[in-house]
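Working notes, structure below.
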Amino acid sequence: MTSDGVPQRTGNNLDPWYANYAERAAGLAASEVRALFAVASRPEVVSLAGGMPFVSALPQELIVSSMERVMREQGPVALQYGSGQGIPALREHILDVMALEGIRGSVDNVVTATGSQQALDLVAKLFIDPGDVILAEAPSYVGAMGVFRSYQATVVHVAMDEHGLIPEALRETIAHLRGQGRRIKFLYTIPNFHNPAGVTLSAERRPEILEICRSNEILVLEDNPYGLLHFDEPAPNALRSLDEDGVIYLGSFSKTLAPGFRVGWALAPHAIREKLILAAESAILSPSSFSQFVVSEYLSTTDWRAQIDTFRGVYRERKDAMIEALGEYLPQLSWTNPNGGFYVWVTMPDVLDSKQMLPRAVRELVAYTPGTAFFADGRGRHAMRLSFCYPTPDAIRVGIRRLATVVNGELDLLDTFAGTGPLQLPPSAGFEAAPPSDLK
């Protein structure tokens with residue numbers, strides 16, 4: 001304690017400036033498995049961990065020609081500072097993209113960002129005070145929880161099942177928190193082809209979820225990077241299409257074009273839109289004009305809908321390979337069977353711990369993301385997220401076979417040394433610990 005009563009934080013040998021950081025910097029914690037992922041990036045390791053789009057399915061000449069035209073026709077403007085809201089031409093195209101999911105909007109209410117991750121950060125910056133509560137599905141996107149934590153919010157999970165967020169669980173959670181006098185700022189949700197769960201919020205539940213939030217004066221933050229990447233039936237229309245005043249919609253070109261451009265957007269109610277622009281200008285002055293011009297040129301001159309169809313085919317083939325391999329090599333587990341997106345959520349017996357297993361998996365030259373990464377409260381240890389978007393189908397099969405070696409080896413050790421006998425999944429495993437067993 002200093003002489004004026006201020007708590008004193010001292011530096012350390014690794015960081016002499018530790019005492020100078022703001023308190024919120026404590027929320028900027030590195031992933032507990034980041035070091036292992038660095039090892040897993042070696043070419044001999046089959047990584048089922050990261051959600052990297054398969055950009056090789058995008059014909060390179062389409063991007064090269066778009067870049068050349070931008071530089072030839074609009075180079076001086078594209079290389080200059082731009083508006084904090086983004087270039088109007090791209091925002092017009094974004095309206096066309098969102099119309100595929102039933103969204104009608106004004107170009108004035110679209111704010112482009114450096115990926116939807118930045119838009120997510122800007123929304124959090126605008127709304128979160130230390131100690132606020134953010135509602136999120138159980139499990140939820142690790143990148144979002146990191147943002148909320150950095151602004152000193154508490155993430156409270158709401159149960160899901162195979163049809164997405166459960167309305168009654170949302171009601172009960174809100175009532176419980178309000179009874180404690182807690183302040184809820186918004187519901188963060190990924191309704192389509194959820195990351196990490198792979199499930200989709202049913203059309204029947206969407207109006208009910210919105211009505212619950214509306215009646216409790218809770219804003220909805222709809223994150224929808226995967227919505228157009230369906231395999232069979234399209235996802236239901238976006239939540240934003242049902243409520244223009246109570247929903248901020250986040251979109252991205254990272255999954256339907258390429259993440260390297262770092263172009264995403266937010267569609268927000270008018271008053272929120274104004275503050276988002278001010279927050280964006282404060283953070284970065286303006287998003288990249290060059291990236292926006294290239295994306296706009298691509299959307300103007302190519303059959304981008306056909307290219308999305310190509311991506312759908314690529315990812316469906318990979319998903320089918322993963323589901324087939326899980327059935328062959330790990331039939332004792334359960335998993336989701338997504339109708340789009342990038343991820344399968346796998347449930348293991350309670351006696352296994354996916355975080356503890358990861359170093360052994362990397363030694364077997366396969367990597368995944370432990371389920372604990374997707375919970376703010378330590379749950380998820382007997383679950384894992386497997387990503388099928390980047391490896392080839394053959395590599396996916398090899399990876400699942402290696403994963404089976406790890407899982408079965410762990411079960412054999414437990415059976416031998418703990419005397420547990422045959423291990424079975426609980427007959428009524430809940431979604432909060434692992435998403436639904438709608439397949440095996």
Side-chain angles (χ1 to χ4, degrees), residues 31-57 139 141-143 193-199 225-226 229 231 254-255 259 311 314-348 352-375 380-410 434-435 439-440:
S31 167
E32 57 196 9
V33 295
R34 192 158 134 192
L36 283 169
F37 285 167
V39 176
S41 65
R42 301 190 321 239
E44 66 269 25
V45 177
V46 176
S47 178
L48 307 175
M52 295 187 298
F54 189 69
V55 294
S56 296
Y141 168 48
V142 61
F193 319 128
H194 187 272
N195 177 10
V199 302
Y226 310 101
L229 296 176
F231 302 145
S254 292
K255 311 303 188 294
F311 281 129
V314 167
Y315 296 137
R316 177 170 186 165
E317 181 184 21
R318 284 159 163 73
K319 188 269 292 190
D320 289 345
M322 179 169 284
I323 297 299
E324 180 182 346
L326 285 168
E328 179 178 355
Y329 295 112
L330 288 166
Q332 71 272 40
L333 306 187
S334 63
W335 51 85
T336 55
N337 186 5
N339 183 41
F342 285 3
Y343 307 109
V344 170
W345 183 259
V346 177
T347 304
M348 303 184 298
L352 296 183
D353 188 319
S354 60
K355 181 181 173 182
Q356 291 184 4
M357 272 179 22
L358 184 57
R360 292 184 282 275
V362 171
R363 284 199 297 270
E364 291 291 334
L365 303 181
V366 63
Y368 56 83
T369 308
T372 50
F374 305 101
F375 290 89
R381 65 178 182 81
H382 60 280
M384 64 177 71
R385 188 193 74 177
L386 302 181
S387 175
F388 53 79
C389 50
Y390 191 77
T392 65
D394 286 344
I396 288 170
R397 295 184 187 96
V398 170
I400 297 298
R401 187 177 70 239
R402 292 173 179 173
L403 181 61
T405 299
V406 177
V407 171
N408 291 328
E410 290 293 299
L439 287 181
K440 304 292 181 181

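All values below were derived from every heavy atom in this structure, side-chain atoms included, with hydrogens, water molecules and symmetry-related copies excluded.
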If you take all heavy atoms of Pro53 and Lys255, which pair is closest and at what distance?
CG-CD, 4.0 Å
Using a 6.0 Å distance limit plus a 45 degree cone around the ring axis, check whether Arg318 lies over the aromatic ring of Phe54.
yes
Please report the interatomic distance CZ(Arg401) to CD(Glu328), rounded to the nearest 0.5 Å.
9.0 Å
Less than 4.5 Å apart, side chain to side chain, heavy atoms only: is that true for Asn337 and Val344?
no
Heavy-atom pair with the smallest gap, counting every atom of Met322 and Ser387:
CE-O, 3.7 Å
Taking atom OG1 of Thr392 and atom CD of Glu317, what is their separation to the nearest 0.5 Å?
9.0 Å
Please report the interatomic distance CE(Met357) to CZ(Arg381), rounded to the nearest 0.5 Å.
11.5 Å
Applying side-chain contact (heavy atoms from CB on, under 4.5 Å), run through Met384 and Thr369 and close with a yes or a no.
CA-CA 6 Å; Met384 64 177 71; Thr369 308; over 6 Å; no
So do Thr347 and Trp335 actually touch side chain to side chain, heavy atoms under 4.5 Å?
no
Do you know which two heavy atoms are closest between Ala197 and Thr336, and how far apart they sit?
O-OG1, 3.0 Å
Test Leu48 against Val366 for side-chain contact (heavy atoms from CB on, under 4.5 Å), laying out the working first.
CA-CA 7 Å; Leu48 307 175; Val366 63; 4.2 Å; yes
Is any side-chain heavy atom of Ile400 closer than 4.5 Å to a side-chain heavy atom of Glu324?
no
Go through the structure and list residues passing ring pair (Phe, Tyr, Trp, His ring centres under 6.0 Å) with Phe342, not counting sequence neighbours.
Tyr226, Tyr315
Value rounded to 0.5 Å, distance of CD in Gln356 from OG1 in Thr372
10.0 Å
Write down the atom of Arg397, the atom of Tyr329, and the distance for their closest heavy-atom approach.
O-CE1, 4.1 Å
Check: Val346 and Ser354 side chains under 4.5 Å, non-hydrogen atoms
no
Using the side-chain contact (heavy atoms from CB on, under 4.5 Å) rule, take Phe374 and Arg385 through it: C-alpha gap first, then chi angles, then the decisive distance, then the call.
CA-CA 9 Å; Phe374 305 101; Arg385 188 193 74 177; 3.7 Å; yes
Are Leu365 and Val46 close enough, and set up right, to give a side-chain contact (heavy atoms from CB on, under 4.5 Å), and what steps lead you there?
CA-CA 6 Å; Leu365 303 181; Val46 176; over 6 Å; no
Give me the atom names and distance for the closest heavy-atom approach of Ala57 to Phe311.
CB-CE2, 3.8 Å
Distance from Leu333 atom CG to Leu352 atom CG, nearest 0.5 Å?
8.0 Å
How about Tyr390 and Ser47: do any of their side-chain heavy atoms sit closer than 4.5 Å?
no
Of the non-hydrogen atoms in Gly198 and Pro338, which two are nearest, and what is the gap between them?
O-CB, 3.3 Å
So, do Leu386 and Tyr343 sit near enough that their side-chain heavy atoms are less than 4.5 Å apart?
no
With sequence neighbours excluded, tell me which residues meet side-chain hydrogen bond (donor to acceptor under 3.5 Å, both in side chains) with Glu410.
Arg360
Atom pair CD/CE of Gln332 and Met348 - distance to nearest 0.5 Å:
10.5 Å
Got a donor-acceptor contact below 3.5 angstrom from the Tyr368 side chain to the Leu358 backbone?
yes
